[in-house]
Amino acid sequence: KNQVEQSPQSLIILEGKNCTLQCNYTVSPFSNLRWYKQDTGRGPVSLTIMTFSENTKSNGRYTATLDADTKQSSLHITASQLSDSASYICVVSDRGSTLGRLYFGRGTQLTVWP
Amino acid sequence: EADIYQTPRYLVIGTGKKITLECSQTMGHDKMYWYQQDPGMELHLIHYSYGVNSTEKGDLSSESTVSRIRTEHFPLTLESARPSHTSQYLCASSEQEGEQYFGPGTRLTVT
């Protein structure tokens, strides 16, 4: 069964600190992995997308890594800001259908305190 | 920010009412999707469309129906709402093999 598991479920950090969120997946065949940020009451917004051959991708203070051999990804947030408080969702796309089916994790709820 | 819109953003209705959630996009995307998301849970695909006059059911069984008469418009209808339909509904669109862009969502509460 194709699955995406994220940890931790929730995380509280102080403003200015760094943090790392984890994603493990079993989706096969693999096409790409995305990290989305979802603010409360809003739709998800894409942060990064990585294909099989990419092992790191940055977007400002967000850096995603991918180990396709172990089927693990991480999202590192540097110098956190209050606006980083959101749910971060790991999404994996398969290569087995024309739809390019997306498999969603449950997200990590990040809270940044001043 | 992506040009995809959903209305209403919030809706509280009584059991048995018929409702339509609107979704429109101005990007000319062929593919459109409806997801259901409960708090703290993953998104579940309930409907998708490859283009005009194309609609398919997703992974999660849903009592809702959709239509795709125009490229930019993908409304979702519940003929008779029930408390079990209380959830957040997210619409998305994409180019043929591209990234999905999400709307802001409709939070539905059925009393």
Side-chain angles (χ1 to χ4, degrees), chain A residues 1-11 21 23-27 29 31-51 54 57 59 64 83 86-111, chain B residues 1-11 21 23-25 27 29-51 54-60 74 87-109:
Chain A
K1 178 181 176 183
N2 288 322
Q3 284 187 314
V4 178
E5 301 287 343
Q6 291 187 244
S7 63
Q9 183 175 357
S10 62
L11 181 64
L21 315 179
C23 173
N24 297 334
Y25 63 92
T26 60
V27 176
S31 177
N32 58 66
L33 185 147
R34 301 175 172 98
W35 282 93
Y36 280 87
K37 178 186 179 187
Q38 185 176 21
D39 292 314
T40 301
R42 307 290 298 182
V45 175
S46 178
L47 294 175
T48 63
I49 178 171
M50 289 180 292
T51 59
E54 297 174 297
K57 183 76 68 82
N59 178 1
S83 59
S87 178
Y88 291 84
I89 303 172
C90 177
V91 184
V92 180
S93 177
D94 72 9
R95 198 162 31 87
S97 67
T98 56
L99 180 63
R101 185 65 55 86
L102 299 186
Y103 297 88
F104 291 82
R106 294 186 176 184
T108 292
Q109 184 63 48
L110 175 66
T111 303
Chain B
E1 195 159 313
D3 296 322
I4 179 164
Y5 309 98
Q6 291 186 241
T7 58
R9 292 293 317 282
Y10 305 92
L11 180 62
L21 308 185
C23 176
S24 60
Q25 51 97 4
M27 297 173 282
H29 289 167
D30 286 324
K31 288 185 176 179
M32 295 190 74
Y33 315 80
W34 275 103
Y35 292 90
Q36 186 172 340
Q37 184 183 31
D38 293 321
M41 301 296 287
E42 64 267 45
L43 279 72
H44 289 286
L45 182 67
I46 51 175
H47 296 284
Y48 61 94
S49 167
Y50 287 117
S54 152
T55 61
E56 303 286 345
K57 289 189 178 296
D59 304 319
L60 183 68
F74 191 40
S87 189
Q88 171 152 287
Y89 294 84
L90 289 162
C91 179
S93 72
S94 70
E95 295 178 322
Q96 279 303 319
E97 297 299 329
E99 176 182 342
Q100 292 189 18
Y101 294 90
F102 288 85
T106 293
R107 180 159 297 280
L108 172 66
T109 301

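Values below: every heavy atom of this structure, side chains too, minus hydrogens, waters and symmetry copies. Reminder, nothing fancy here: chain letters follow the sequence lines and each chain counts from 1.
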- [ ] Identify which part of B:Gln37 has an atom lying under 4.5 Å from any heavy atom of chain A, answering side chain, backbone, both or neither.
- [x] side chain
- [ ] Would you mind checking which part of B:Leu43 comes under 4.5 Å of any heavy atom in chain A, side chain (CB onward), backbone (N, CA, C, O), both or neither?
- [x] both
Task: Side chain / backbone / both / neither for A:Ile89 at chain B, heavy atoms under 4.5 Å - done: side chain
- [ ] Can you tell which part of A:Gln6 gets under 4.5 Å to a heavy atom of chain B, answering side chain, backbone, both or neither?
- [x] neither
Task: Over all atoms of both residues, closest heavy-atom pair of B:Leu90 and A:Gln38 - done: CD1-NE2, 3.8 Å
TODO: Determine whether B:Met41 and A:Phe104 make a side-chain contact, defined as any pair of heavy atoms from C-beta on separated by less than 4.5 Å.
DONE: no
TODO: Flag the pair B:Asp59 / A:Tyr103 as yes when at least one side-chain heavy-atom distance between them is below 4.5 Å, and no otherwise.
DONE: no
Open item on the list: Out of A:Ser46, A:Ser87, A:Ser31, A:Gly105, return the one with the most heavy atom pairs under 4.5 angstrom to chain B.
Closed with: A:Ser46
Task: Donor-acceptor under 3.5 Å (A:Arg34 side chain, B:Gln100 main chain) - done: no
Open item on the list: side chain to side chain contact (heavy atoms under 4.5 Å, CB included), that's the test. Do A:Gln3 and B:Glu42 meet it? Break it down for me.
Closed with: CA-CA 11 Å; A:Gln3 284 187 314; B:Glu42 64 267 45; over 6 Å; no
- [ ] Please list, chain by chain and in numerical order, all residues satisfying side-chain contact (heavy atoms from CB on, under 4.5 Å) with B:Thr7, sequence neighbours excluded.
- [x] B:Glu22
Task: Residues in salt bridge (Lys or Arg N to Asp or Glu O under 4.0 Å) contact with A:Glu5, at least two apart in sequence or another chain - done: none
